[in-house]
Amino acid sequence: MLNKTNPAKAVICLLLCVLFSGVLSAQKQVTGKITESDAQPISGASVQVKGTTVGTTTDTDGSFSISVPAGRNILVVSFVGFKNKEIAIGSQSNIPITMESDVSGLTEVIVTGYSGQQRKNIVGAVATVKGEQLAAVQTGNVEQQFQGRVPGLTVITSGQPGTTSQVRIRGFGSFTGNDPLYIVDGIPTTNIDFLNGNDIESTTILKDASSASIYGARASAGVILVTTKKGKSGGLKVTYDVTYGLTNPGQGIDLLTPQQQADLTWVALKAANQPLTHPQYGTGATPVLPDYLKVGSENGLSGLSPTDPRLDPAKFNTNFDKGPIYQ
């Protein structure tokens with residue numbers, strides 16, 4: 001009913017009410033849920049009406065609700081690590097949205113010391129090796145798997161089973177020690193002989209002097225960061241790896257047998273009128289093949305019993321760093 005005392009004011013109020021109700025009826029409420037390709041909800045994704053400042057974000061279960069102004073029909077959905085997506089609303093009031101991963105938008109992150117940095121932001125000399133690259137080299141020594149994988153890293157090994165390798169990142173620049181510092185899952189160690197190459201997830205090598213600012217004087221010869229594999233959710237998986245090889249000498253040189261080599265040595269000594277004695281084949285009318293070519297500092301030992309103290313396995317050593325060589 002119009003106000004008789006002020007009819008103009010009443011008419012204005014009535015018009016405003018009609019206009020406001022028209023605006024409310026022009027807006028459309030749209031709800032939905034945003035998930036990944038595996039149906040996992042995406043929390044914190046941005047949902048915006050294209051061409052406006054109207055927007056909202058998804059809650060913990062990926063749900064959203066937004067009021068779409070009249071004349072607008074497209075929603076723009078975005079989230080870090082996923083491709084932006086435009087959705088036409090049409091007559092829909094509830095819209096399920098599945099996002100696609102944007103692999104090209106992700107940057108490689110390298111763990112250095114106590115922080116993670118993007119590769120493009122690192123000024124120091126850093127190299128990374130994935131576990132799959134190391135596992136491609138079949139060897140009983142994990143240090144040998146680094147050979148040829150990182151520029152400037154040198155691995156020196158004798159090839160004998162059970163021996164350690166010398167790993168050099170900056171060459172031989174110190175009289176005290178040239179071994180790099182190893183960090184295995186955040187724990188410093190002097191070597192990684194105890195690791196299985198198949199258990200390594202990734203390796204990062206810090207090659208220049210800037211690594212000393214993180215780890216101190218221990219990093220003077222470089223740092224090798226090793227991250228081992230962790231358990232993953234899902235069902236039990238069992239894998240079996242085997243490697244075999246075959247060597248065929250073909251039609252090569254017909255070599256002498258050990259006994260033929262010994263007999264030929266005796267023939268040479270007789271032809272030269274030399275005494276029939278040799279550090280490996282003994283002394284006498286005929287050469288005798290020794291049981292051991294070398295035992296400690298002695299050569300050509302024959303007839304040694306297993307209980308002989310010179311054959312004690314505890315004396316075996318081929319590493320100069322652990323004492324005198326004993327073979």
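Everything numeric here is computed off the predicted structure, so don't read it as measured data. In what follows, every heavy atom counts, from backbone to side chain, and hydrogens, waters and symmetry copies are set aside.
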(message) Using a 3.5 Å distance criterion without hydrogens, assess whether the side chain of Trp266 forms a donor-acceptor pair with backbone atoms of Leu276.
(response) no
(message) Tell me whether Thr58 contacts the main-chain N or O of Gly44 through its side chain, where contact means a donor paired with an acceptor under 3.5 Å.
(response) yes
(request) Assess the side chains of Thr228 and Glu201: does a donor N or O sit below 3.5 Å from an acceptor N or O? (result) no
(request) State, without any angle test, whether Ser65 and Gln29 hold a side-chain donor-acceptor pair at a distance under 3.5 Å. (result) yes
(message) How about OH on Tyr292, more than 12 heavy atoms from neighbouring residues, nucleotides or ligands closer than 6.0 Å, or not?
(response) no
(message) Are Ile34 and Phe79 packed together at the side-chain level, in the sense that at least one heavy-atom pair is separated by less than 4.5 angstrom?
(response) no
(request) Give a yes or no on whether the backbone of Asn198 and the side-chain of Lys229 come within a donor-acceptor separation of less than 3.5 Å. (result) yes
(message) Determine whether a donor-acceptor pair (N or O, by modelled atom type, separation under 3.5 Å) exists between the side chain of Lys28 and the backbone of Asn73.
(response) no
(request) Using modelled atom types only, decide if a donor and an acceptor are shared between the side chain of Gln261 and the backbone of Thr265 within a distance under 3.5 Å. (result) no
(request) Any chance you could measure Leu181, atom CG, to Ile183, atom CD1, to the nearest 0.5 Å? (result) 4.0 Å
(message) Please say yes or no: joined through hydrophobic side-chain contacts below 4.5 Å, possibly via intermediate residues, are Ile187 and Val223 part of one cluster?
(response) no
(request) Give, for atom CZ of Phe64 and atom CG of Asp59, the distance between the pair rounded to the nearest 0.5 Å. (result) 10.5 Å
(request) Let me know which of Val68, Asn94, Ile87 forms a side chain to side chain contact (heavy atoms under 4.5 Å, CB included) with Val30. (result) Val68
(message) Same cluster or not: Val76 versus Val49, using hydrophobic residues (I, L, V, M, F, W, Y) connected whenever any side-chain heavy atoms lie under 4.5 Å apart?
(response) no
